[in-house]
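Hydrogens, waters and symmetry mates are skipped; everything else that's a heavy atom, side chains included, is used.
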Amino acid sequence: PKMMHGWGGFGMGGGVGGFPPRRFEEQYHCYSVAYADKADLEKGDKILLPPSAFDTLARLQVDYPMLFQLTAGDRTTHCGVLEFTAEEGCVYIPFWMMQNLLIEE
C-alpha cells in the first residue's frame with residue numbers, strides 16, 4: 001500500500017504557520033504482522049515500518065504521535081506505528097487492515 005504521513009489532513013494541503021506540510025509518502029510490500037512473529041498486534045491499529053522510514057521521518061521532524069494513512073487503490077485506512085523493525089521495503093500490518101484495503105498476502 002501507499003503510506004502517507006503529514007500535518008493537516010495526512011499530507012493533503014495546508015501547513016502550519018505558512019510552512020508547507022511535512023509529508024512522508026512511500027510504497028511498501030505489505031505482509032500480515034503474523035509474518036513478523038507479532039501476532040499480538042492483530043487486534044490493534046499499529047504497524048511495523050522499516051528503519052529507513054524512521055530516518056526519513058526524523059529528517060522531516062514530524063509531530064508525535066505519528067499517524068498514517070494507508071491507501072491501496074481507492075481504499076484507505078489509518079494507523080499508528082509501533083516499531084521500525086520491518087525489513088527494508090516491507091510493512092507489516094494487522095490482517096484486518098489488509099482485508100479492509102482488499103490486499104492479499
Side-chain angles (χ1 to χ4, degrees):
K2 182 189 287 188
M3 299 199 51
M4 295 190 326
H5 170 276
W7 179 263
F10 295 95
M12 299 170 66
V16 178
F19 294 100
R22 292 165 290 195
R23 185 175 176 130
F24 172 79
E25 187 170 349
E26 293 290 336
Q27 291 189 10
Y28 293 101
H29 295 283
C30 186
Y31 302 98
S32 167
V33 291
Y35 281 98
D37 200 25
K38 300 270 187 178
D40 55 311
L41 298 181
E42 285 293 350
K43 296 179 180 149
D45 63 352
K46 301 288 190 272
I47 63 171
L48 305 177
L49 287 170
S52 62
F54 178 78
D55 295 339
T56 301
L57 290 161
R59 280 194 308 278
L60 291 172
Q61 298 178 339
V62 298
D63 295 322
Y64 290 81
M66 293 184 203
L67 299 175
F68 297 90
Q69 174 178 309
L70 278 60
T71 304
D74 63 348
R75 311 278 302 202
T76 300
T77 192
H78 298 89
C79 64
V81 62
L82 180 69
E83 299 175 347
F84 294 91
T85 56
E87 295 175 36
E88 290 300 330
C90 298
V91 61
Y92 296 96
I93 72 174
F95 187 69
W96 68 264
M97 277 188 201
M98 294 181 71
Q99 290 176 314
N100 287 351
L101 293 169
L102 302 178
I103 298 173
E104 294 182 6
E105 293 184 295

Donor-acceptor list for residues 82-89 side chains, cut-off 3.5 Å, not counting sequence neighbours:
unit_1, atom_1, unit_2, atom_2, d
Glu83, OE1, Lys38, NZ, 3.2
Glu83, OE1, Thr85, OG1, 3.0
Glu83, OE2, Lys38, NZ, 3.3
Glu87, OE2, Tyr92, OH, 3.4
Glu88, OE1, Ser52, OG, 2.5
Glu88, OE2, Ser52, N, 3.2

Problem set entry | Contacts of Thr77 that satisfy side chain to side chain donor-acceptor pair (under 3.5 Å) - sequence neighbours left out | none

Problem set entry | Distance-minimising heavy-atom pair for Tyr28 and Ala53 | OH-CB, 3.5 Å

Problem set entry | Gap between atom CG of Leu57 and atom CE of Met66 - 0.5 Å precision | 5.0 Å

Problem set entry | Side chain to side chain, Cys90 and Tyr35, heavy atoms closer than 4.5 Å | no

Exercise. When hydrophobic residues are tied together by side-chain contacts of less than 4.5 Å, even through go-betweens, does Leu48 share a cluster with Phe54?
Worked result: no

Problem set entry | Residue among Leu41, Ile47, Asn100, Leu49 satisfying side-chain contact (heavy atoms from CB on, under 4.5 Å) with Ile93 | Ile47

For this session: Answer with yes or no whether the hydrophobic clustering places Val33 together with Trp96; edges join I, L, V, M, F, W, Y residues whose side-chain heavy atoms lie under 4.5 Å apart.
Result: no

For this session: Please check if Leu102 and Tyr31 belong to a single hydrophobic cluster, counting links between Ile, Leu, Val, Met, Phe, Trp and Tyr side chain heavy atoms closer than 4.5 Å.
Result: no

Exercise. Leu60 versus Phe24: any side-chain heavy-atom pair under 4.5 Å?
Worked result: yes

For this session: Provide the full list of salt bridge (Lys or Arg N to Asp or Glu O under 4.0 Å) pairs with a residue in residues 40-56, sequence neighbours left out, each pair given once.
Result: none

Exercise. What distance separates Gln69 CD from Glu25 CD, expressed to the nearest 0.5 Å?
Worked result: 9.5 Å

Exercise. Out of curiosity, Cys30 SG to Met98 CE, how far, rounded to the nearest 0.5 Å?
Worked result: 4.5 Å

